[in-house]
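The chains referred to below are lettered A, B, ... by the order of the sequence lines, with proteins before strands, and numbering in each begins at 1.
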Amino acid sequence: MTTATIPIQKATLSRADFASDQTVRWCPGCGDYAILATMQKILPELGVPRENIVFISGIGCSSRFPYYMNTYGIHSIHGRAPTLATGLAITNPELSIWVITGDGDGLSIGGNHLLHALRRNVNLNIILFNNRIYGLTKGQYSPTSRLGAKTKSSPMGTIEHPINPIGIALAAEASFVARSLDSHTQHMGEVLKRAAAHRGSSFVEVYQNCVIFNPTEWDGLDDRRTRDDNILYLEHGQPMVFGKNRDRGIRLNGFTPEIVVLGDGVSEADLVVHDADSTELGYILSSMEYPTPMGVFRQVEDRPTYTDGLMEQIATAQAKRGRGNLDELYRAADLWTVVPQDPTEPIEAHISGRVGGEMDDEYTDMLTGQGKEADDSTSYGRAGTNLDIHGLKDRLTEVNVEALGTHAPVEVDTQTSLAKAIRQMNSHQIGCVLVTDETDRLVGIFTERDVLMRVAGLVDDLAAANVGAYMTADPVAVRADLPIAHALHLMALHGFRHLPLVDDDRRPVGHHLVPRRGALPAQWVVV
Amino acid sequence: MKSLKEELESEQVRHLDLSRYCAVQSGTPVREALATMRAEEGRPMLVIRGEELIGIFTERDVLQRVVGRPDALDGPVDAVMTARPITVLPDTSAADALWLMDDHHFRNLPVVDRQGRILGDMTYAAFVHYLAARYPVEVQNRPLRPQQYPSKPEGGD
Ligand SMILES: Cc1ncc(C[n+]2csc(CCOP(=O)(O)OP(=O)(O)O)c2C)c(N)n1
Ligand code: SF4
Ligand SMILES: [Mg+2]
């Protein structure tokens, strides 16, 4: 596994070093400013040089963030910041990459992109500014807007149930999931630093105040007076005490968290102890509204990052095959040229191409797993073999029925009498004869089932009747290089018990008969 | 990981898809037995006396002992059946049943419990169906004609 080591700069940077020269275009009083300030404050403490830091955003007020940071930055495509960031994290694992998104950018148009960056555990810090509104476009409701919220686009109140960003992140398997709020910058700073320190996808929801279009959204939480009565600060390993006076706590009643007052027979020992390793607890906390949990909901440290896994595979592949060449790789695939069609010529004449043989085989081997060492060395014989499941699967698809031993064809022609055909079957101890025409091509089969259903006790003079009138015409016939799996398919799904084996001209080359000793599943695969 | 052999050793005959059969009483004329079998799509026939299994009468018996012998048609089925067939218990292992069929060329193994009740008829179809369901990707997910199956894993030819 590769570990990106981030060089620590000697000369310490200050907050000012991270502020760009751009005019900040947010409305005065916007919560985004607090987040910007906090970010500029904590970055010097992380010791990462500016040139190794990148901010990537989508579209929205929040997404203007990179302009204001004196680092690298990309103000990218609406909802696609996690995707661009994924590409960057792969190509340069040395970077410290921050994704800045909003509730609209990250959860409406970019919902899917967010999910997959999270589940892949790309080494990113994704900060979602949640103001429960589309700020940039002047106040339309967003996927996190409360049910009934009156906005520019929902004058009668929204009729959509909001989604819960923390729940989404947990469900997407983010390895670090946290929440903070703009107005509590110390808390936010600590959470951001922990997010930065975490290797893998860190998701931080920051409650952010849109003072113009949704100024009352975080009432109670962003008021210093009431804040600590309304927030449950999550601390791993600590009992869930909350309240300004630390006089209340959370106890679990079944799966339901309930608020209890400490004292009065209830002690800290009765409270839930926060466990950031617990996914279950994370889900319970994610749906809690009062008190509002803030801090790290879940943190999973032992998961390799996407980049680690990928780099490991690249190193393994290069050790085996050397460095690749993209141009060659591209040209090794099937290439063809399509030229305008002359309506008088058949279309095939217009397709020229070449098949990169070696490349294809290699690719195919890779897909079928043949490249790896064979994990079985068994024969098809009965004695002493011990097929494992993988070996058997391969055998089913790679071994042909002819390898199992087939019966030489017992052939009659359409003019053969029933009497003679039945004599043939009995003398060969076989339940099926192949019926051919003058050119020796297979035209039918005549089986013991036909004898039972159409002949026995029904046809008086067997010598006078011809097989052609009693056979099963045009049977499914297969080539002898049929994989066992396909023979089983025909027997299991189509009920065939006799598989005539023919060449490309439909001339019989054998029988595959079921049941017949040597043609049984027992002989094929079980031994 | 278990081998298929081990898997079949722990699987019991009653867990398999047993084949359907038809039944007639001992003494039934062959002509009538044939008509019954035809009406039942050619299923193997168990010959019983009262409730007790005394023989089995199959396509192969028809081929070898009935067709071309008009005199047999009016005699009892008992004369052309295979008498006292080997049976297996419902909790016989699937592997044992398979070896039995393979070693003795049996094509039908009636499944009879310890009280003598007939529970079904085991044929090779039971194994074929087991394998198909056990390896659905390899066996079931195919077209009828092998040439319609892409030769490359990514779907190309
Ligand atoms: C493809 C596309 N669709 C829609 C828009 C309009 N649009 C711009 S920003 C935005 C939503 C921003 O909401 P959010 O991410 O919450 O950012 P905020 O402004 O609230 O910080 C929308 C819908 C766009 N610019 N591009
Ligand atoms: S990708 Fe292939 S296997 Fe999957 S549904 Fe489509 S056709 Fe079927
Ligand atoms: Mg928003």
Side-chain angles (χ1 to χ4, degrees), chain A residues 334 360 363-364 366-368 382 385-393 396-397 418-419 422-423 425-426 431 447-449 451-460 462 476 478-479 481-486 488-495 497 514-517 520-527, chain B residues 1-8 30-31 34-35 37-38 41-42 58-64 66-70 72-73 95 98-99 101-107 123-135 137-147 149 151-154 156:
Chain A
D334 292 4
D360 270 359
Y363 177 54
T364 306
M366 209 176 71
L367 290 175
T368 55
R382 178 106 178 228
T385 53
N386 191 19
L387 289 183
D388 69 344
I389 300 303
H390 296 304
L392 177 55
K393 279 190 179 180
L396 287 173
T397 53
L418 286 179
I422 289 166
R423 265 204 311 281
M425 289 162 94
N426 278 328
T447 71
E448 52 194 337
R449 175 64 52 96
V451 172
L452 168 66
M453 300 303 279
R454 294 195 271 257
V455 179
L458 301 171
V459 178
D460 290 336
L462 296 177
V476 169
V478 292
R479 290 204 325 232
D481 60 1
L482 187 77
I484 293 173
H486 205 104
L488 279 172
H489 170 83
L490 294 174
M491 293 187 279
L493 277 75
H494 302 280
R497 297 189 298 168
V514 180
R516 174 187 153 255
R517 188 169 169 78
L520 300 180
Q523 295 279 348
W524 293 358
V525 288
V526 180
V527 278
Chain B
M1 197 182 294
K2 271 189 183 180
S3 71
L4 181 62
K5 186 181 172 206
E6 286 162 341
E7 229 174 272
L8 288 175
V30 171
R31 197 185 293 281
L34 288 177
M37 285 168 91
R38 285 190 198 109
E41 298 159 12
T58 69
E59 286 170 3
R60 189 53 62 98
D61 299 316
V62 173
L63 183 70
Q64 295 183 340
V66 175
V67 69
R69 298 193 188 155
L73 290 175
L98 184 57
W99 305 141
M101 296 177 88
D102 205 26
D103 287 345
H104 300 278
H105 305 209
F106 294 149
R107 305 195 308 163
T123 69
Y124 296 114
F127 290 105
V128 169
H129 288 148
Y130 182 86
L131 287 172
R134 178 68 182 75
Y135 301 102
V137 172
E138 288 74 18
V139 173
Q140 297 197 31
N141 301 350
R142 290 176 172 267
L144 173 64
R145 292 188 186 76
Q147 62 269 29
Y149 198 57
S151 58
K152 290 187 184 171
E154 78 278 22

- Note on the structure: side-chain contact (heavy atoms from CB on, under 4.5 Å) with B:V139: of A:L490, A:I484, A:L396, only one passes, and it is A:L396
- Message: Run the side chain to side chain contact (heavy atoms under 4.5 Å, CB included) test against A:R449 and tell me which residues pass, sequence neighbours left out.
- Response: A:T447, A:M453, A:R497, B:E59
- Proximity breakdown for B:R38 and chain A, heavy-atom pairs closer than 4.5 Å: both
- Taken to the nearest 0.5 Å, the spacing of B:H129 NE2 from A:L488 CG works out to 10.0 Å
- Message: Using every non-hydrogen atom in the two residues, find where B:V67 and A:A456 come nearest and quote the distance to one decimal.
- Response: CG2-CA, 4.2 Å
- Query: Got a sec: does the CZ of A:R454 have more than 12 other heavy atoms crowding it under 6.0 Å?
  - Reply: yes
- Segment of B:L63 engaging chain A (4.5 angstrom heavy-atom cut-off): both
